[in-house]
Amino acid sequence: MHLLSDGTKPIYVQIAEWIETEILNGNFQTDDKVYSQYKLAEIFTINPATAAKGLTILSDEKILYSKRGLGKFVTPEARQLILDKRKNHTLKGLLDEVALEAARLGVGESELQEMLRESMEKIEGEE
């Protein structure tokens, strides 16, 4: 993964989202230890404090838990918390933007649904 340094999204948020994606992809399972702030700093060539901030976000959201002196680990409910967050916040926000743009362009609901169906078919064909 490459971090975007264009200022649109803080790097520590990108780190948190990357770990979330790794959990969703099954690369980190319940009770697995995730990368330390120092390993993340090395992987992404960033300041360890920035990486720590990303880990803290996930701890605050109960996606990760700490074992004193051992690091951060994936909580049993992490996957469901991430799915809920991304569905109810990220996806909803994107859909609101799409609906607004469709209204500006005069694209009706049925045309928008067809466009979505085509996009979904394209993605399913790539898997």
Side-chain angles (χ1 to χ4, degrees):
M1 175 195 165
H2 290 46
L3 299 176
L4 304 175
S5 57
D6 62 4
T8 57
K9 189 180 287 190
I11 291 174
Y12 64 89
V13 172
Q14 294 178 58
I15 293 293
E17 289 176 350
W18 179 79
I19 293 170
E20 287 179 351
T21 300
E22 291 294 294
I23 292 168
L24 290 177
N25 289 341
N27 296 325
F28 291 121
Q29 303 286 328
T30 296
D31 296 320
D32 280 355
K33 182 178 179 181
V34 298
Y35 299 121
S36 71
Q37 69 188 63
Y38 301 105
K39 184 64 177 174
L40 289 168
E42 180 184 319
I43 291 169
F44 295 108
T45 319
I46 59 172
N47 186 305
T50 302
K53 204 168 179 182
L55 292 169
T56 298
I57 289 171
L58 298 176
S59 293
D60 291 347
E61 294 177 353
K62 309 293 188 233
I63 291 168
L64 300 179
Y65 67 92
S66 296
K67 286 186 182 178
R68 188 175 174 101
L70 296 177
K72 301 231 183 250
F73 296 80
V74 179
T75 64
E77 58 276 352
R79 183 173 173 73
Q80 192 59 52
L81 289 169
I82 296 165
L83 289 171
D84 291 345
K85 179 173 79 168
R86 289 195 177 183
K87 179 180 170 186
N88 296 323
H89 293 88
T90 307
L91 191 56
K92 175 84 170 80
L94 289 169
L95 287 172
D96 288 346
E97 288 182 41
V98 168
L100 182 60
E101 186 67 11
R104 286 187 194 126
L105 299 174
V107 174
E109 185 177 340
S110 60
E111 185 178 357
L112 193 56
Q113 286 177 345
E114 178 61 22
M115 293 170 76
L116 178 59
R117 186 190 60 73
E118 290 172 2
S119 291
M120 296 294 287
E121 286 176 356
K122 180 181 175 188
I123 290 168
E124 289 168 2
E126 292 173 358
E127 292 178 345

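Values below: all heavy atoms of this structure, side chains included; hydrogens, waters and symmetry mates excluded.
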- request: Kindly determine whether Thr75 and Leu64 satisfy side chain to side chain contact (heavy atoms under 4.5 Å, CB included), including the steps that lead there.
  value: CA-CA 5 Å; Thr75 64; Leu64 300 179; 5.5 Å; no
- line: One should read off an interatomic distance between Ile46 CD1 and Ile11 CD1, to the nearest 0.5 angstrom, of 6.5 Å
query: Using 30° and 60° as the class limits, which term best fits the ring planes of Tyr35 and Trp18: parallel, tilted or perpendicular?
result: parallel
message: Working to the nearest 0.5 angstrom, can you tell me the gap between Lys53 NZ and Gln37 CD?
response: 13.5 Å
- prompt: Are Ile63 and Phe73 connected in the hydrophobic side-chain network, where two residues link if heavy atoms are under 4.5 Å apart?
  reply: no
message: Are Leu81 and Leu24 linked, directly or through intermediate hydrophobic residues, by side-chain heavy-atom contacts shorter than 4.5 Å (ILVMFWY only)?
response: yes
- prompt: Does the pair Glu118/Lys122 count as a salt bridge with the N-to-O cut at 4.0 Å?
  reply: no
- request: Take atom CD of Glu109 as the centre, draw a 6.0 Å sphere, and report whether it contains more than 12 heavy atoms from other residues, nucleotides or ligands.
  value: no
query: Would you say Leu70 and Lys33 make side-chain contact, with heavy atoms under 4.5 Å?
result: no
task: Find out if a path of hydrophobic residues (ILVMFWY) with successive side-chain heavy-atom gaps under 4.5 Å connects Leu105 to Val98.
output: yes
Co-membership, hydrophobic cluster, residues Phe44 and Tyr12, 4.5 Å side-chain: no
- request: Would you give the length of the straight line joining atom CD of Glu20 to atom CD1 of Ile57, rounded to the nearest 0.5 angstrom?
  value: 9.0 Å
- prompt: If you round to the nearest 0.5 Å, how far is CD of Glu121 from CG of Leu116?
  reply: 10.0 Å
query: Do side-chain atoms of Asn47 reach the backbone of Ala49 as a donor and acceptor pair under 3.5 angstrom?
result: yes
task: Identify the two heavy atoms, one from Ala102 and one from Leu112, that lie closest to each other, and give their separation to 0.1 Å.
output: CB-CD2, 3.9 Å
message: I need the Thr90 OG1 to Leu95 CG distance, nearest 0.5 Å.
response: 11.0 Å
field: Atom pair CZ/CD1 of Phe28 and Ile23 - distance to nearest 0.5 Å
entry: 7.5 Å
- prompt: Are Ile15 and Tyr65 connected in the hydrophobic side-chain network, where two residues link if heavy atoms are under 4.5 Å apart?
  reply: no
query: Within a radius of less than 6.0 Å around NZ of Lys85, do more than 12 heavy atoms belonging to other residues, nucleotides or ligands occur?
result: yes
message: If you count heavy atoms of other groups shown closer than 6.0 angstrom to OH of Tyr38, is the number above 12?
response: no
field: Residue pair Leu55 / Leu40, side-chain heavy-atom distance below 4.5 Å
entry: yes
- request: Kindly determine whether Leu58 and Lys72 satisfy side chain to side chain contact (heavy atoms under 4.5 Å, CB included), including the steps that lead there.
  value: CA-CA 10 Å; Leu58 298 176; Lys72 301 231 183 250; over 6 Å; no
query: Got Thr21 and Arg86 here, is their nearest side-chain heavy-atom distance under 4.5 Å?
result: yes
statement: Here the pair of heavy atoms bringing Gly54 nearest to Ala16 is O-CB, 3.7 Å
